[in-house]
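Only one structure is covered here, and it is reproduced in the block below.
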Amino acid sequence: MGQKRVDKEDFKTHAVFLADDIWALNASGAAAYLQLALKAQHYQSLAILIPGEKDFLKVVSRPLEGVSKWLFQIGMIWTKELEQNITHSGMNIGKLHGVKYVQVVFPLLNILCLHLLLLLIIIIIDSLLRRRAILEQLVLERTKNLRDSERRFHDLVNLLPEMVFEIDTDGNITYANKEAQCRLGFKWEKTEKHNLFSYIVEKEGTTVRERFQKALQDGNTDLKEFKAKGGDGTSFPLLLCAASITDGEHIVGARVIGIDITERHRLEEQLLKDQKMKAIGLMAGGVAHDLNNILSGIVSYPELLLLDQAKDSPMKGPLETIRKAGMDASEVVADLLTVARGVIAEREIVAPNDLIREYLVSPDFQELCTRHPLVSIEPVLDSELCNIACSAIYVRKCLMNLITNAVEAISRHGILRIKTENRVVTAREQEQWQLPSQGQYTKITVSDTGVGIAQAEIQHIFEPFYTKKVMGRSGTGLGLAVVWNIVRDHGGTVNVRSSSAGTTFDMYFPSVAEPRVSAATERDWRELKGKGEAILVVDDEPRQRDVATKLLQSLEYETFVVSSGEEALEYLTINSVDVLLLDMLMAPGQYNGRQTYEEVLKMHPGQKAIIASGYAEDEDVRVTLEMGAGGFIAKPYTLEQLGTTLQTVLCA
């Protein structure tokens with residue numbers, strides 16, 4: 001209704017404006033106005049009717065096109081007729097007749113388009129806001145990830161056991177991880193300058209700079225070894241590897257990795273030492289068997305001759321000297337085998353204080369004191385000292401070697417101190433002293449106030465044949481090597497400290513809670529005689545067969561001898577014996593002791609046997625003992641050792 005009233009008011013207004021032109025019959029002026037109204041208000045046609053001339057003036061709009069035509073055809077646009085009298089000075093002079101398009105859809109479309117436009121703007125703004133929020137979230141996440149990655153990289157670099165640096169082209173450190181700061185002894189700050197090359201020993205500084213510049217230009221990242229100065233003032237071998245840092249095409253610095261290879265050098269030295277020990281082992285194994293067979297005659301024949309000598313016989317002294325010389329020579333061979341192959345012996349519970357007291361009253365120690373009368377002995381023995389599980393003879397050898405060295409290191413007046421104590425070793429001490437494990441240890445310390453050992457020599461003193469003494473007169477070069485091997489084979493370690501005020505050796509042995517077993521008293525050889533039991537001696541050495549025969553006959557055993565394992569098997573095919581005295585190593589091509597015993601057991605299960613060898617206890621000896629052999633006796637053996645072992649095996 002509102003639009004209809006508006007259309008009528010508009011039409012009445014047109015009639016008023018046209019009144020003057022119609023009164024004056026000004027058709028052109030009226031036509032111009034009608035054309036304007038036709039276009040402005042969407043009329044299909046406008047006509048002026050006057051009395052006497054029915055079609056005075058008529059204007060028609062162009063036909064509808066496009067969407068408007070389509071909307072007209074489907075009835076969405078229609079027409080309506082309007083009519084209004086034209087008056088002038090109260091007189092009716094004509095009529096204005098018009099047909100107008102009714103375009104209801106177009107305003108709705110305009111409103112809809114406006115709303116759609118507003119909605120689109122809102123959607124775009126909302127989308128932009130959402131996208132901005134997402135971008136901000138992504139930025140926050142990526143910033144967090146970047147920080148986490150940077151922190152992770154920083155933590156990983158600081159956890160590395162290697163030193164990591166970033167340096168400029170002059171070598172100034174722009175970044176250093178914790179390992180680098182700790183090892184080189186500085187605290188990196190951005191405000192302070194530390195030059196990497198200043199931590200290289202002076203004689204290699206120029207070389208490092210030249211190689212560094214060359215590496216930056218060539219892109220060479222090979223590892224190079226140099227000597228660096230640590231924070232503790234000592235130098236250490238350092239492997240350096242550098243990669244250039246570029247800004248565009250310009251090199252602005254380098255990233256450097258430094259590897260402390262002190263441990264690698266130590267392992268290389270240990271490998272060389274092991275190879276040296278292996279070579280010594282091969283040498284010792286090659287000569288020990290033959291040498292001990294030869295020594296058997298030097299030890300055993302004087303012993304047999306002494307059995308027939310009167311107490312006041314003039315031959316007794318020379319024979320004892322020969323026998324002792326043979327035993328001393330066998331000890332040297334035993335030392336060589338100890339260094340080469342370690343200690344393989346039965347362990348017993350021993351009180352170290354008792355071993356020390358026994359040695360301090362021994363003839364060997366008394367003779368040492370006689371040669372060095374100005375040396376004072378100060379034993380400080382812990383009354384609550386824990387026992388150790390060891391081979392007493394070998395630990396006594398350690399004491400003897402260390403005490404002898406200590407006394408001989410004192411030129412005139414001086415003090416020898418022997419101290420024992422219980423010691424609980426912590427994890428840090430275990431690593432520092434290279435002990436197998438933490439726990440309770442029994443510590444034996446031997447110290448002197450002698451001239452001391454030069455620091456350059458300390459790292460070599462445990463090597464075989466390394467000695468500052470006159471070889472062959474006051475030492476063999478095996479003493480400290482023997483100490484080292486014995487202590488290590490017992491699960492302990494030995495440390496040395498030395499200065500101009502003297503030298504101290506600390507031996508650590510694992511403690512045990514078991515009480516000591518009372519030592520067996522020495523027996524008279526006459527108590528070791530047999531009762532005519534049959535003993536078969538199997539040995540490829542004629543001298544050794546002869547020695548064994550005479551010793552066994554002295555002990556009143558019935559003795560038979562063969563020169564090989566094959567002969568032993570042939571003999572035992574038709575005979576039987578109470579005990580085999582079986583050599584472990586025989587001439588190439590023959591059965592050794594283990595193989596011979598394996599075949600014997602097939603013929604005589606449970607056959608008793610004693611293994612004899614001038615070499616050492618090895619895997620074949622262990623296997624043979626596990627098969628049932630009752631004992632092992634090392635060549636050269638004495639009358640007492642042979643008699644005791646036979647009684648033990650026969651009574652088993």
Side-chain angles (χ1 to χ4, degrees), residues 282 284-301 304 330 333 337 341 344 530 532-555 557-639 641-643 645-646 649-650:
L282 293 173
V287 303
H289 180 262
D290 293 338
L291 187 56
N292 278 328
N293 280 333
I294 295 170
L295 290 173
S296 293
I298 300 174
V299 172
S300 302
Y301 281 122
L304 290 171
S330 69
V333 177
L337 287 172
R341 300 189 173 276
I344 306 177
E533 293 91 344
I535 311 297
L536 177 62
V537 178
V538 186
D539 202 300
D540 62 338
E541 282 290 330
R543 282 189 300 266
Q544 188 61 40
R545 292 197 299 270
D546 188 54
V547 168
T549 299
K550 287 182 169 55
L551 290 175
L552 289 168
Q553 288 174 349
S554 298
L555 292 170
Y557 287 101
E558 185 178 5
T559 307
F560 306 93
V561 295
V562 292
S563 61
S564 68
E566 288 80 358
E567 288 185 18
L569 295 175
E570 184 179 349
Y571 178 84
L572 292 172
T573 302
I574 57 176
N575 299 287
S576 63
V577 293
D578 295 295
V579 179
L580 293 178
L581 183 57
L582 188 60
D583 185 24
M584 278 306 294
L585 293 179
M586 299 189 209
Q590 298 179 356
Y591 279 168
N592 64 18
R594 177 183 62 79
Q595 294 167 331
T596 301
Y597 192 55
E598 284 179 348
E599 297 301 320
V600 169
L601 289 176
K602 294 176 182 177
M603 293 188 294
H604 301 282
Q607 174 66 61
K608 295 181 178 181
I610 296 173
I611 304 301
S613 178
Y615 188 59
E617 288 193 46
D618 58 10
E619 187 61 28
D620 278 341
V621 172
R622 291 192 185 93
V623 172
T624 307
L625 292 172
E626 289 172 0
M627 286 191 295
F632 171 82
I633 185 169
K635 299 177 184 178
Y637 42 77
T638 65
L639 188 67
Q641 291 170 340
L642 181 59
T645 307
L646 276 169
V649 171
L650 287 168

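This chain uses plain numbering: 1 for the first residue, then up along the sequence.
Among residues two or more places apart in sequence or in another chain, the side chain to side chain donor-acceptor pair (under 3.5 Å) test is passed with Glu599 by Lys602. Applying the side-chain contact (heavy atoms from CB on, under 4.5 Å) rule to Ala568 yields the partners Leu536, Val538, Val562, Thr596; only residues at least two apart in sequence or on another chain are considered. Under the side chain to side chain donor-acceptor pair (under 3.5 Å) criterion, Arg594 pairs with Glu598, Asp620, sequence neighbours left out. Listed by chain and number, the residues in a side chain to side chain donor-acceptor pair (under 3.5 Å) with Glu570 amount to none (sequence neighbours excluded). Residues satisfying the side-chain contact (heavy atoms from CB on, under 4.5 Å) test with Ser564, not counting sequence neighbours, are Glu566, Glu567, Gln590.
What you find for Asp578 and Lys608 is that their closest heavy atoms are O-CB, 3.5 Å. What you find for Asp539 and Gln544 is that their closest heavy atoms are OD2-CG, 3.2 Å. Closest approach of Ala609 to Tyr597, counting heavy atoms only: CB-CE1, 3.6 Å. When all heavy atoms are compared, the tightest approach of His604 to Leu572 is NE2-O, 2.8 Å. Closest heavy-atom contact between Glu558 and Gly532: CB-O, 3.8 Å. Taking each heavy atom of Asn592 and Met584 in turn, the nearest pair found is CB-O, 3.2 Å.
With values rounded to the nearest 0.5 angstrom, Ile610 atom CD1 is found 6.0 Å from Leu581 atom CG. Atom-to-atom distance recorded for Glu533:CD and Thr559:OG1 is 11.0 Å, nearest 0.5 angstrom. Rounding to the nearest 0.5 Å places CG of Leu642 at 5.0 Å from CD1 of Ile633.
Side chain of Tyr557 to main chain of Gly643: no donor-acceptor pair is present (N/O by atom type, distance under 3.5 Å, no hydrogens or angles).
Among residue pairs with one or both ends in residues 561-586, those qualifying as ring-ring contact (aromatic ring centres under 6.0 Å, His included) are Phe560-Tyr571; sequence neighbours excluded.
The shortest distance between side-chain heavy atoms of Val600 and Leu569 falls below 4.5 Å. Side-chain contact between Asp583 and Glu541 is absent, with no heavy-atom pair separated by less than 4.5 Å.
Partner Val579 forms a side-chain contact (heavy atoms from CB on, under 4.5 Å) with one of Thr645, Val537, Leu646 and no other, that one being Leu646.
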